[in-house]
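Only this structure's heavy atoms are used, side chains among them; waters, hydrogens and symmetry mates stay out. All chains are named by letter (A, B, ...) in the order of the sequence lines, taking the proteins before the strands, and each is independently numbered beginning at 1.
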Amino acid sequence: EAEVAQSPRYKITEKSQAVAFWCDPISGHATLYWYRQILGQGPELLVQFQDESVVDDSQLPKDRFSAERLKGVDSTLKIQPAELGDSAMYLCASSTGQGSAKNIQYFGAGTRLSVL
Amino acid sequence: DAKTTQPTSMDCAEGRAANLPCNHSTISGNEYVYWYRQIHSQGPQYIIHGLKNNETNEMASLIITEDRKSSTLILPHATLRDTAVYYCIVRVVGGTYKYIFGTGTRLKVLA
C-alpha cells in the first residue's frame, strides 16, 4: 500500500538553528498538506499545495517558516530560526485533489521536532 | 467549517463495541463527516466518512443522525490495538478541502 514518506522521524536542534523536513506524497497525489501538532492537541494546517502552488498558508508563520514544492511532487518545510515553541510533531499529508468526497487525506508518520 | 465536540476520553472493554460520539450541530448541507484515529507517535489514519447515510467498512461503522447534527463511530469488537485518539472532522467538499481537527477522544481499550 502506498504511503506518505517523511524524514527525518526525529530531529533535535538548538534554538536559532535552521531545520528542514522533507515529505514525499503518494504518487499521483496533486494536493500536499503540512500540519503542526502540539502535544495534546489536534493537527493544525500550516500550508496546502495544489501541485506546485500554495493555496492556503494563512496559518504559516511566514517570518520563520517557509515551504516549497518546486516540481509539484515532494516538498520541504523549513524553519529558520527555530524557537522553543516550535517543538511539535510536523505531519505531511497528501490527497488526489479531485473534487469529490473521496478526496481523503493520507498522513505520513511525521517528524518529531525538539528545540533545546 | 463546522466545529465538532467530542468527549475527552472513553474506556471500552476488549471485545466489546466502542461507540464514540461526535456533535456537529452547525453542520451545513454539503459538509461531510470524517473520522480519523491517531495511535501514539504515528500520523492520523483515515477510518471512514459519510454525508447523511450510515456507512460501514472493514474498520468501523458510522451512524449519522437524521438531522445530521451528531454522529457515532462504532468499532464493533474493540481490541487493544484500537487504543488511540479518535478525531471527528467536518469538512466542506469544495474550496480548499481543509480539515479542522479538534482535540479528539482518547479511547483506551481495556484487557
Side-chain angles (χ1 to χ4, degrees), chain A residues 1-7 9-10 21 23 25-26 29-50 53-60 88-114, chain B residues 1-9 22 24 27-53 55 57-60 62 64 68 71 84-106:
Chain A
E1 182 177 301
E3 294 182 344
V4 176
Q6 289 190 249
S7 66
R9 285 284 281 124
Y10 302 95
F21 315 126
C23 173
I26 293 172
H29 279 195
T31 309
L32 185 147
Y33 313 80
W34 282 103
Y35 289 84
R36 177 172 59 186
Q37 184 174 26
I38 296 170
L39 194 62
Q41 299 182 19
E44 175 192 28
L45 180 68
L46 291 175
V47 61
Q48 178 180 339
F49 289 91
Q50 181 67 30
S53 300
V54 173
V55 296
D56 187 347
D57 63 357
S58 58
Q59 300 302 311
L60 187 72
M89 173 79 88
Y90 290 83
L91 293 159
C92 179
S94 70
S95 67
T96 61
Q98 294 175 356
S100 78
K102 292 191 176 181
N103 188 24
I104 305 300
Q105 292 186 28
Y106 296 93
F107 286 79
T111 296
R112 171 78 62 189
L113 174 67
S114 295
Chain B
D1 293 359
K3 292 185 177 179
T4 61
T5 304
Q6 300 177 253
T8 303
S9 64
C22 178
H24 30 79
I27 194 169
S28 300
N30 63 343
E31 291 183 324
Y32 282 71
V33 180
Y34 294 77
W35 283 82
Y36 281 73
R37 72 180 183 185
Q38 188 172 24
I39 296 170
H40 183 61
S41 295
Q42 297 182 22
Q45 176 191 24
Y46 166 76
I47 300 173
I48 198 168
H49 75 282
L51 180 62
K52 55 183 178 181
N53 297 318
E55 302 287 345
N57 63 19
E58 65 278 4
M59 291 182 68
L62 174 60
I64 302 174
R68 304 208 323 117
S71 60
V85 177
Y86 287 77
Y87 294 101
C88 169
I89 303 161
V90 173
R91 188 192 76 177
V92 176
V93 178
T96 62
Y97 298 93
K98 187 174 180 176
Y99 284 173
I100 299 177
F101 285 81
T103 53
T105 295
R106 184 171 299 277

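Contacts between A/Q48 and chain B at a heavy-atom distance below 4.5 Å involve the side chain alone, from C-beta outward. When heavy atoms are compared at a cutoff of 4.5 Å, B/Q38 approaches chain A solely by way of its side chain, counted from C-beta outward. Neither the backbone nor the side chain of A/T111 has a heavy atom closer than 4.5 Å to any heavy atom of chain B. Proximity to chain B (any heavy atom under 4.5 Å) is shown, for A/Q6, by neither the backbone nor the side chain.
Once rounded to the nearest 0.5 Å, the distance linking CG of A/D56 with NZ of B/K98 reads 4.5 Å. The line from OH of B/Y99 to OG of A/S95 is 7.5 Å long, rounded to the nearest 0.5 Å. Taking CD1 of B/I48 as the reference point, atom CD1 of A/I104 lies at 10.0 Å (rounded to 0.5 Å).
Of all the heavy atoms in A/Q105 and B/Y36, the pair that sits closest is O-OH, 2.7 Å. Here the closest heavy-atom approach between residue A/R112 and residue B/S41 is recorded as NH2-OG, 4.5 Å. Summarising the geometry of A/L91 relative to B/P44, their closest heavy-atom pair is CD1-CD, 3.9 Å, with the distance given to 0.1 Å.
Open room surrounds CD on A/E3; 12 or fewer heavy atoms of other groups in view lie less than 6.0 Å from it.
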